[in-house]
Amino acid sequence: MIEMPAIDWLTAVVFAPLAGAILAFLLPRQAHWVGVGAVVLTALMASALVLQVLTEGAVVTPLGNWGAPLGIDLRADGLSATLMAMTTGVGLLVSLGALNSYAHHRAPERMRRYFWPLWLLLLSGLNGVYLSTDLFNLYVMLEVISLAAVGLTVLSGRIEAVRAGLEYMYASILGALLFLLGVGFVYLELGRLDFAGLLAAPPSPALGAALALMVAGLALKTALFPLHVWLPQAHANATAPASALLSALVVKASLYIVLRLAQYLLPLSEVLVALIGLLGVGAILWGSIQALRAERLKLLVAWSTVAQIGLVFVAFARAGADGVAESWKAAALLMLAHAIAKAAMFLAAGRIKEEIGHDRIRELDRSPVRPTLAQLSFALAAISLVGLPPSLGFAGKWILMEGAMTSGYWHWIAVTMIATMLSVAYFSRVLTGFLRFDRQRTTVGEHQGWALADAAPLTLALCALGLGLLAAPILAFMNIGYPFGGAP
Amino acid sequence: MIDPLLLFDVILGLAIVSLAVTVLVVRDRFAMIVLVIVFGLMSALAWVRLAAPDVALAEAAIGTGLTGALLLATWRQVRTEPERWPALPRGVMVINMGLCALVLAGLVGAFLATPLGTPGLGVAVADNLADSGVEHPVTAVLLNFRAYDTLMEVVVLLVAVIAVWMIDRGVSQAPQPTLGPELGDLPRGFARLVLPAITVIGAYLLWVGTSAPGGAFQGGAVLAAVGILLLLTQRYQPQPSHRPLARGVFVLGVAGFAAVALLVAGGGRVPFEYPADHAKTLILLIEGLVTLSIAATLAALFHGREPEAISTQGGRS
Amino acid sequence: MSTGLIFGLTGLGVFVVGLCGALVLVDPLRRVLALKLCSVGAGFMLVVAAWKAPPEAPDPVPHALVITGIVVMISATAVALALIRRLHTLEHEHHD
Amino acid sequence: MSIELLALVLIAAGAAFFVVGTIGLLRFPDTLCRLHALTKADGLGLGLTCLGVALLVGSVGEMLRILLIWGLVAVSSAVSGHLIAGHVLRSNAPVRGR
Amino acid sequence: MTLALSIIALVLLASILAGLVPVLRGPQPAERMLAAQLLGTAAVAILLILSLLMEMPVLLDVALVFALLAAITLICFVVVTRREDH
């Protein structure tokens with residue numbers, strides 16, 4: 001019986017968006033249909049891969065059949081399959097939102113022509129990061145993501161966007177080069193670059209330097225506190241779908257690599273974990289303060305990204321160095337919750353700006369337009385980001401505090417509480433504007449009815465809320481292939 | 001008496017580091033660009049001393065030649081920019097310098113504590129070289145053992161050209177740098193003489209890649225230099241009507257590479273696993289496509305903008 | 001005192017000079033060059049990791065990686081320079 | 001033995017011309033004089049070195065490659081001399097005896 | 001023999017470093033490009049000698065690309081700095 005060539009989902013998930021991008025680049029007028037089609041196809045393939053991981057456990061494809069140290073292996077275990085499913089799912093809904101915001105009457109032809117190839121190449125890079133097990137391959141994938149993300153940031157062509165894009169470019173390339181020097185030190189010490197080689201490596205000065213360089217580079221790319229300067233302007237000045245992709249998906253790739261490094265590289269020293277936690281606290285405080293001072297809606301949402309990333313690093317450091325084997329789950333859940341909710345929030349912010357005409361927070365309650373569906377999805381997303389039950393954010397924070405409690409690190413619980421209070425503070429600035437608690441200043445016009453464009457942010461927000469109920473199965477799925485337990 | 005070549009290395013090393021500092025410190029911007037080109041030359045010499053001829057070729061052709069051309073073209077347009085010499089307050093500068101000194105001390109400490117010459121993957125490459133389809137180990141690694149990396153690298157080039165076409169739309173038609181007639185016919189004659197020579201050298205580098213240092217990237221870069229010369233001597237002026245063809249050539253390398261990688265995956269084989277007997281032909285096919293794609297992409301990056309019809313403001317298609 | 005050691009230290013020196021430049025400098029063109037210096041410095045580290053004492057042939061894998069790094073770096077440089085040119089054009093259109 | 005000696009002498013002479021060229025580049029008062037020093041050193045210095053190396057090198061193929069290198073450099077340095085001179089004259093820089 | 005060649009290579013490297021001074025000092029762009037051309041040619045000479053010392057005939061290809069690189073940057077320079085007042 002000829003063995004039916006089983007489609008290798010691992011390469012399919014990376015090559016499908018690549019083919020979509022090539023087609024979208026070749027056919028500029030039909031770019032949006034080709035783009036949405038490719039994202040739908042990738043989403044289907046991702047779900048097939050998730051099923052395969054569910055049934056068979058971790059799936060490995062040795063590319064070129066050369067095996068790990070010489071060739072490159074693609075591996076999908078629970079953690080990477082979950083993040084890839086999140087990326088394609090959120091990406092699909094953001095694409096639907098993009099169909100509307102780049103429609104003929106709203107955006108120049110050029111933006112529609114170039115959004116889709118860049119977004120699909122970004123998707124291919126993201127899937128490549130989640131599946132790769134080779135350090136240099138991660139570097140090349142990070143570069144694909146960086147260039148595509150800078151392209152998306154600059155899509156609107158306004159001078160603030162170009163200036164923010166240039167700053168983003170410098171930070172992102174410098175981060176990648178720090179990572180590359182770390183890769184050089186790993187090769188100097190071990191003579192191989194795959195994760196399996198890192199597992200058995202005894203601690204040594206070169207590996208210590210490599211870990212420090214890589215974490216520094218990745219912290220720069222995820223805009224962790226002292227290195228966050230480039231993020232707010234880049235995410236606030238991009239167009240709505242682009243900033244949704246940047247804030248929800250691009251930042252997660254570097255966070256994921258930090259988790260992988262913590263898993264594979266030598267046991268982390270207590271000092272390094274505490275330092276990461278401290279930087280997380282700094283990010284929460286500074287991000288929240290700036291969010292409270294932000295004038296424009298999208299700037300507030302961008303600063304809340306800085307704060308939420310700080311919280312992910314706190315979740316990572318909640319139980320000290322030996323607790324990392326458990327606390328990655330809290331970090332992963334918070335990453336998921338932040339991605340879904342933040343995508344919903346940015347899309348909603350874009351819709352609000354379209355309907356009201358401006359996004360200045362102070363005048364949100366003066367608009368003649370009646371509260372719209374977009375404002376509802378913004379509020380629902382805010383609930384998940386704040387972390388109220390039953391949202392996914394709540395589940396993540398719960399596991400964070402639970403782990404901190406069991407290992408006696410009470411200060412992390414206090415930090416989480418403060419983070420929650422601060423996020424309530426800066427989101428309520430916006431929600432009061434929506435609900436017009438203060439006296440109405442102008443007559444309220446007729447209800448404009450619902451637009452198809454509101455579907456994307458609403459579904460995302462509802463997912464962010466509803467998935468909290470599925471936290472246990474998600475956690476069980478993430479544990480397939482023992483990402484952090486004893487590797488088989 | 002110590003080996004004089006070691007003395008050569010020490011002087012070369014010191015020259016490279018001091019050049020690096022001078023590049024960032026020298027006031028005149030044109031001197032900065034010339035110094036970067038000389039820095040590239042020196043680092044290519046260092047690659048040669050480290051017995052890495054492939055890297056020296058790549059550094060000379062891409063890192064120094066094409067980067068220098070890009071910098072000169074950008075410098076020409078940005079010449080009137082006032083020199084914003086370090087506006088950072090002195091205190092911040094000192095802190096940063098101190099931080100960098102600390103980082104340097106840490107890295108040098110870690111580097112010196114590590115014995116050199118760890119047995120890397122050299123043995124594994126040598127064992128598998130026979131059925132990789134090519135004789136030259138670096139080309140075998142690039143196009144067979146780590147072909148996935150190389151494919152993604154060509155994707156990076158594709159993303160770059162898409163981003164550059166999107167960023168620098170032809171709306172403000174700054175006068176294109178060209179070798180105008182006012183310079184007399186000597187440079188144009190020189191360009192006419194050098195063009196065929198460079199094309200032959202580029203093709204030679206591509207062909208020799210399977211058995212000696214060379215290959216798709218170095219050959220592609222040298223052929224890109226041909227493209228740049230055509231642009232400079234105005235023998236080829238990009239027209240909006242050429243865009244579909246240009247897009248086709250840009251994606252040629254990635255599409256061809258990915259297609260080959262997937263097509264070989266049928267019948268129980270894994271993607272990128274070339275059948276043993278066809279390996280060489282497949283690799284040469286991929287190299288040819290990738291070289292064409294790289295040459296066109298790098299030349300387009302030098303041209304720096306999508307050739308839009310100047311007449312219509314918002315772009316026609 | 002071998003060739004590998006000398007150029008390893010050179011690479012680290014160039015990387016840190018580039019890092020310092022990228023952090024301190026303000027002029028956009030110079031910051032792109034600072035990043036190119038970092039890329040050459042990181043490349044030095046990889047090739048030094050592959051270097052063996054002369055009679056032995058060096059390890060080809062890092063050479064392939066550095067070639068990939070050089071091509072990636074010129075793509076990033078090209079995009080950064082396009083951004084700088086665009087910013088320059090926009091700023092000048094802004095003023096006059 | 002004499003071939004190696006001859007090659008060594010040629011290469012040494014080539015290097016000497018480079019040194020002279022560099023000193024000329026440093027010492028001469030204005031651009032055109034420096035240009036004169038450069039093109040001489042360029043052409044002859046490399047020419048002698050190429051000749052010396054060609055004597056020592058094994059196959060004919062390599063000799064042809066060395067010839068090609070020398071040809072390319074000689075042509076490009078001649079053209080560069082001419083262009084830079086033209087550039088300097090047009091930009092009416094201070095030239096002795098103008 | 002190899003000792004003599006090494007010393008010559010050192011001398012050439014020294015002449016390159018000395019050639020850097022006019023690149024820094026030269027007031028006009030033409031001066032700097034002039035010096036850069038000399039450095040390029042000296043680098044080609046060093047490569048030729050190294051191909052003997054390190055028994056790597058492949059370095060001749062590298063020297064060829066160096067020479068090519070000098071030609072390309074030269075033409076770029078001439079185009080970039082030509083007068084715009086015509």
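At a threshold of 4.5 Å between non-hydrogen side-chain atoms, the residues Leu53(E) and Ser6(E) count as touching. Here the side chains of Leu48(D) and Ile11(D) are not in contact, with every heavy-atom distance at 4.5 Å or above. Taking 4.5 Å as the limit, every side-chain heavy atom of Pro22(E) sits out of range of all side-chain heavy atoms of Leu34(E). Using a 4.5 Å cut-off on side-chain heavy atoms (C-beta onward), Ile16(E) and Ile46(E) make contact.
Interface remark: of the candidates Leu26(D), Ile23(D), Leu68(D), Leu56(D), Leu26(D) forms the most heavy-atom pairs closer than 4.5 Å to chain E. When each of Leu12(E), Leu64(E), Leu74(E) is scored by its heavy-atom pairs under 4.5 Å with chain D, the top score falls to Leu64(E). Of all the listed residues (Gly19(E), Ala71(E), Pro57(E)), the one sharing the greatest number of non-hydrogen pairs under 4.5 Å with chain D is Pro57(E). Taking chain D as the reference chain and counting heavy-atom pairs below 4.5 Å, the highest number among Val44(E), Leu52(E), Leu5(E), Leu39(E) is found for Leu52(E). Highest contact tally toward chain E, considering only Val19(D), Leu5(D), Leu25(D), is held by Leu25(D) [criterion: heavy-atom pairs under 4.5 Å].
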Could you go through Met33(E) and Thr73(E), starting from their C-alpha distance and side-chain angles, then the distance that decides it, and tell me whether this counts as side-chain contact (heavy atoms from CB on, under 4.5 Å)?
CA-CA 9 Å; Met33(E) 210 56 207; Thr73(E) 28; 4.0 Å; yes
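Residue contact with chain D, scored on non-hydrogen atoms closer than 4.5 Å, involves the backbone and the side chain of Leu68(E) alike. Interface residue Ile66(D): only side-chain heavy atoms are found under 4.5 Å from chain E. Ala70(E) does not touch chain D: none of its heavy atoms, backbone or side chain, sits under 4.5 Å away.
Remark: Thr49(D) pairs with no residue by the side chain to side chain donor-acceptor pair (under 3.5 Å) rule, at least two apart or across chains.
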